[in-house]
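See structure below.
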Amino acid sequence: MENQPKLNSSKEIIAFLAKRFPQCFIAEGKARPLKIGIFQDIVARLTEEDGISKTQLRSALRMYTSSWRYLYGVKEGAKRVDLDGNDCGDLKSEHVEYARQQLMDAKARIQAQRTEQKVRKREFQQKVQKVDNEKILSATSSKKSVSSRSTTKIKEINKRHKHHSCSKNQAKKTHNSKMANLAKLQSVTDISTLKVGQVLKVMVGQSIVDASVLEIAKDGVRVQLPTGLAMIVRAEHLKF
């Protein structure tokens with residue numbers, strides 16, 4: 001005869017008992033109250049080949065008799081059964097009350113666990129919501145900061161543009177004023193009439209500067225600017 005595989009868990013042992021003693025143990029559904037002292041009856045029928053120790057058997061029976069389906073079966077009018085399914089007498093009232101209290105306590109523990117889980121879930125959701133709100137607030141503040149910097153930059157650009165426009169307009173007015181003053185001056189038509197040391201107006205680019213005559217040549221007049229620079233200019237660039 002082959003040896004029974006060693007059973008390690010209480011669930012495996014309960015399944016084994018339900019198969020070995022089907023009139024007493026039930027793997028699924030409402031269980032029947034067990035005979036008092038059934039532990040010794042099971043030990044007497046087990047063999048070494050079954051591979052179940054007394055410690056394992058006690059743990060499995062404790063698990064079986066504390067299950068909800070067993071506690072529901074311990075009620076007024078129910079009969080205890082032995083390993084062969086024979087009735088072994090009525091349940092005592094204190095046993096029924098004990099089972100009822102055990103069932104109530106088990107339900108209370110489950111309800112407390114569910115309530116605690118709901119509280120933890122709500123607290124977790126609140127923390128997540130708080131983090132999300134802080135992220136949104138941070139993003140909004142960042143956008144406002146960027147918008148503020150952009151507005152400031154736009155104002156600075158507009159200010160510089162306005163200043164540039166004013167400077168440009170002022171330069172234009174100054175240029176127009178100089179050109180108007182230039183129009184009032186008389187042009188030199190004959191350089192032979194000029195004298196060394198005479199002060200004239202000279203067109204240098206777009207500017208009109210004072211200059212003194214240094215030398216009168218055939219191809220132009222050599223003059224000296226206030227900066228000390230000497231240059232030769234043609235008659236059409238001279239005014240007085």
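What you see is a predicted model, and the numbers here were worked out from it, not measured in a lab.
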Side-chain contact, heavy-atom cut-off 4.5 Å: L200 with L194?
yes
Atom OG in S66, atom CG in L61: separation rounded to 0.5 Å?
10.5 Å
Ignoring hydrogens, what is the shortest heavy-atom contact between L214 and V196? Give both atom names and the distance.
O-CG1, 3.6 Å
Any side-chain heavy-atom pair from H95 and I36 closer than 4.5 angstrom?
yes
Is any side-chain heavy atom of K54 closer than 4.5 Å to a side-chain heavy atom of R58?
yes
Which value, rounded to the nearest 0.5 Å, describes the distance between Q224 atom CD and R222 atom CZ?
8.0 Å
What distance do R69 atom CZ and I26 atom CD1 have between them, rounded to the nearest 0.5 Å?
7.0 Å
Minimum side-chain heavy-atom gap Y70-L34 below 4.5 Å:
yes
Going from CD1 on I42 to CZ on R20, what distance comes out if it is rounded to the nearest 0.5 angstrom?
10.5 Å
Check this for me: Y98, atom OH, are more than 12 non-hydrogen atoms of other residues, nucleotides or ligands nearer than 6.0 Å?
no
CD of E48: more than 12 outside heavy atoms within 6.0 angstrom?
no
Please report the interatomic distance CG(D41) to SG(C88), rounded to the nearest 0.5 Å.
8.5 Å
Could you check whether any side-chain heavy atom of K35 comes within less than 4.5 Å of a side-chain heavy atom of V81, counting everything from C-beta outward?
no
Heavy-atom nearest pair, A211 first then V202, reads CB-CG2, 3.4 Å
Any side-chain heavy-atom pair from V223 and M231 closer than 4.5 angstrom?
yes
If you define the side chain from C-beta out and look only at heavy atoms, does anything of L17 sit under 4.5 Å from L57?
yes
Distance in Å, Q23 CD paired with L83 CG, rounded so as to fall on 0.5 Å steps
11.0 Å
From the list K118, R120, R114, side-chain hydrogen bond (donor to acceptor under 3.5 Å, both in side chains) with E116 holds only for R120
Sidechain N-carboxylate O distance under 4.0 Å for D87, R80:
no
Residues 126-135 vs salt bridge (Lys or Arg N to Asp or Glu O under 4.0 Å), sequence neighbours excluded, gives none
Determine whether more than 12 heavy atoms belonging to other residues, nucleotides or ligands lie under 6.0 Å from atom CZ of R45.
yes
Contacts under 3.5 angstrom, residues 99-112 side chains, donor-acceptor by atom type, not counting sequence neighbours:
residue	atom	partner	partner atom	Å
R100	NE	E97	OE1	3.1
R100	NH2	E97	OE1	3.3
R100	NH2	E97	OE2	2.5
Q101	NE2	D105	OD1	3.0
K107	NZ	Y72	OH	3.0

